[in-house]
Amino acid sequence: MANLLVSPLGLGLLLLLIRLLARKLSNIWISRIASTGMALCALLMTPLGANALIHWIEYSLKPIPECTRAQDRAVVLLAGGLDHQPHDEQDFGALTSTSLQRLIDLRQSHLLDGHQDVLISGGNPQGGISESRLMRNLAASLGVKPSRITLDESSASTLDNANRVAQIMRAKGLARIVLVTSAWHMRRALLVFQDKGLDVCPLPVDSIYNPPGDIGYFLPQSSALVKSETALHELAGILFYSIKFAH
């Protein structure tokens with residue numbers, strides 16, 4: 001049911017059933033509300049609607065140069081999952097595009113050129129090889145010294161990431177971090193990490209926002225549906241953690 005509510009397609013079909021039932025019962029107000037919701041769901045299945053929602057989520061946070069460049073902050077990179085079971089520890093193709101893009105964008109930021117500690121957090125081990133281990137090896141192939149990188153190979157969620165990172169940072173006597181994750185994921189991650197008492201400087205990467213383009217921007221597309229589902233999932237998480245950490 002939860003997955004249904006964060007999908008414009010699933011929610012739109014549910015609203016269609018409600019509208020048909022409301023019309024059968026001659027309830028004009030519920031029918032109108034359901035029709036309005038269906039129109040909104042249809043909009044979110046277009047690049048126009050999906051990117052408007054993503055833009056609102058992503059651009060609420062911006063990198064702060066003087067913060068991200070501070071040498072007394074450890075760099076914490078959140079892994080983004082695996083596509084399949086890695087064949088070995090050099091099978092970088094097993095990493096999802098999200099994992100790859102987060103690491104590539106971090107490398108291009110030149111933040112890895114300094115001397116800060118780097119912690120890569122992400123478990124999901126398949127065949128005994130975790131996503132964070134693959135990302136560490138890829139970072140090493142890009143010129144980052146493996147001795148600078150600590151791994152968290154047990155986390156399976158954003159909440160797990162925050163708990164483990166806080167434990168590792170406290171063991172190192174550190175509390176100030178640069179948090180690196182996808183721009184669309186940053187707001188939720190920031191809520192969770194700050195709740196663990198960490199001084200967090202956000203460095204959002206891997207933006208998936210696309211500006212208006214040709215006529216296809218206004219037509220329903222499967223890629224727009226996926227993007228809207230991502231955005232709605234993040235909004236649900238932001239709402240949940242905002243309520244949870246407010247008490």
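Computed from a prediction, not measured in an experiment: that's the story for all the values here.
- Using a 4.5 Å heavy-atom cutoff, the side chains of His84 and Asp91 are in contact.
- With hydrogens and angles ignored, the 3.5 Å screen pairs no side-chain donor or acceptor of Arg107 with any backbone N or O of Gly143.
- Both Leu174 and Leu78 are part of a single hydrophobic cluster, where members link through side-chain heavy atoms under 4.5 Å apart.
- In this structure, the side chain of Thr46 does not engage the main chain of Ala42 through any donor-acceptor pair within 3.5 Å.
- Residues passing the side chain to side chain donor-acceptor pair (under 3.5 Å) test with Glu58, sequence neighbours excluded: Ser207.
- In this structure, CZ in Arg187 is found 15.0 Å from OH in Tyr241, a value given to the nearest 0.5 Å.
- Rounded to the nearest 0.5 angstrom, Arg188 CZ and Leu239 CG are separated by 12.0 Å.
- The side chain to side chain donor-acceptor pair (under 3.5 Å) check on Glu153 picks up Ser130, Arg133, with sequence neighbours excluded.
- The CG atom of Asn163 sits 9.0 Å away from the CG atom of Asp195 when rounded to the nearest 0.5 Å.
- Annotation: the span from Leu77 atom CG to Thr181 atom OG1 amounts to 8.0 Å, rounded to 0.5 Å.
- Using a distance-only test at 3.5 Å, with no hydrogens or angles considered, no donor-acceptor pair links the side chain of Arg136 to the main chain of Leu151.
- Partners of Asp152 by side chain to side chain donor-acceptor pair (under 3.5 Å), not counting sequence neighbours, listed by chain and number: Ser121, Ser154, Ser155.
- In the hydrophobic clustering, where aliphatic and aromatic side chains (Ile, Leu, Val, Met, Phe, Trp, Tyr) are joined below 4.5 Å either directly or transitively, Trp29 groups with Ile28.
- Of the N and O atoms on the side chains of Thr98 and His185, not one donor lies less than 3.5 Å from an acceptor on the other residue.
- To the nearest 0.5 Å, atom CG of residue Leu232 and atom CG of residue Leu11 are 8.5 Å apart.
- Connectivity analysis of hydrophobic side chains (ILVMFWY, heavy atoms under 4.5 Å, direct or indirect) links Leu219 to nothing; its cluster partners are none.
- For the atom pair Leu225 CG and Leu9 CG, the distance stands at 6.0 Å (nearest 0.5 Å).
- Heavy atoms only, all atoms of each residue included: Ala50 and Ser228 are closest at CB-OG, 3.2 Å.
- Listed by chain and number, the residues in a ring-ring contact (aromatic ring centres under 6.0 Å, His included) with His233 amount to none (sequence neighbours excluded).
- Counting all heavy atoms, side chain and backbone alike, Leu100 lies closest to Phe92 at CD2-O, 4.0 Å.
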Criterion side-chain contact (heavy atoms from CB on, under 4.5 Å) on Leu119 and Val165, from CA distance to verdict: CA-CA 8 Å; Leu119 194 163; Val165 168; 4.0 Å; yes
